[in-house]
Amino acid sequence: MKAEGKTWNYHDILAQFITMHNKKSNVLLIWSGDWPTYSSNSDKYYVILAGEGFDSTDEAWNWCKANNYGPNDCMSIDLQ
């Protein structure tokens, strides 16, 4: 996947996950193909989840902003 001016490989994704997990232990790493939310997208990829739960997308976006994540780094996804 190309993002942030580079092509990310498995090592980059795992390193980012470990860094985030060391800061906050409820961070999760999932494979998008395992979740129906992502089933409409033919591309499958690893996703790092903050491990937070919200009652609305507005609450999730507010959390993203409060934690200095931009729209390319933080998305509100319903995994149910």
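Considering only heavy atoms from C-beta on, Val47 stays 4.5 Å or farther from Leu29 through its side chain. Contact check for Ile48 versus Val27: side-chain heavy atoms found under the 4.5 Å cut-off. Counting only heavy atoms from C-beta outward, the side chains of Trp61 and Ser76 approach each other to under 4.5 Å.
In plain terms, the two heavy atoms of Lys44 and Ser32 that are nearest each other are CA-OG, 3.3 Å.
Cluster annotation: Tyr45 is connected to Leu49 through the hydrophobic network of ILVMFWY side chains, with a link wherever side-chain heavy atoms come within less than 4.5 Å. Ile30 and Met75 end up in the same hydrophobic cluster when Ile, Leu, Val, Met, Phe, Trp and Tyr side chains are linked at under 4.5 Å.
Atom CG of Asp55 has 12 or fewer heavy atoms from other residues, nucleotides or ligands within 6.0 Å.
Expressed to the nearest 0.5 Å, how far CG of Asp73 lies from CD of Gln16 amounts to 7.5 Å. The distance from the SG atom of Cys64 to the CD atom of Glu52 is 10.0 Å, given to the nearest 0.5 Å. Between the OG1 atom in Thr57 and the CD atom in Glu59 there is a gap of 9.0 Å [rounded to 0.5 Å].
Side-chain N or O atoms of Asn67 include one that pairs as donor or acceptor with a backbone N or O of Trp63 at under 3.5 Å.
When the side-chain contact (heavy atoms from CB on, under 4.5 Å) test is applied to Leu14, the partners found at least two apart in sequence or on another chain are Phe17, Ile18.
Applying the side chain to side chain donor-acceptor pair (under 3.5 Å) rule to pairs touching residues 5-15 yields nothing, sequence neighbours excluded.
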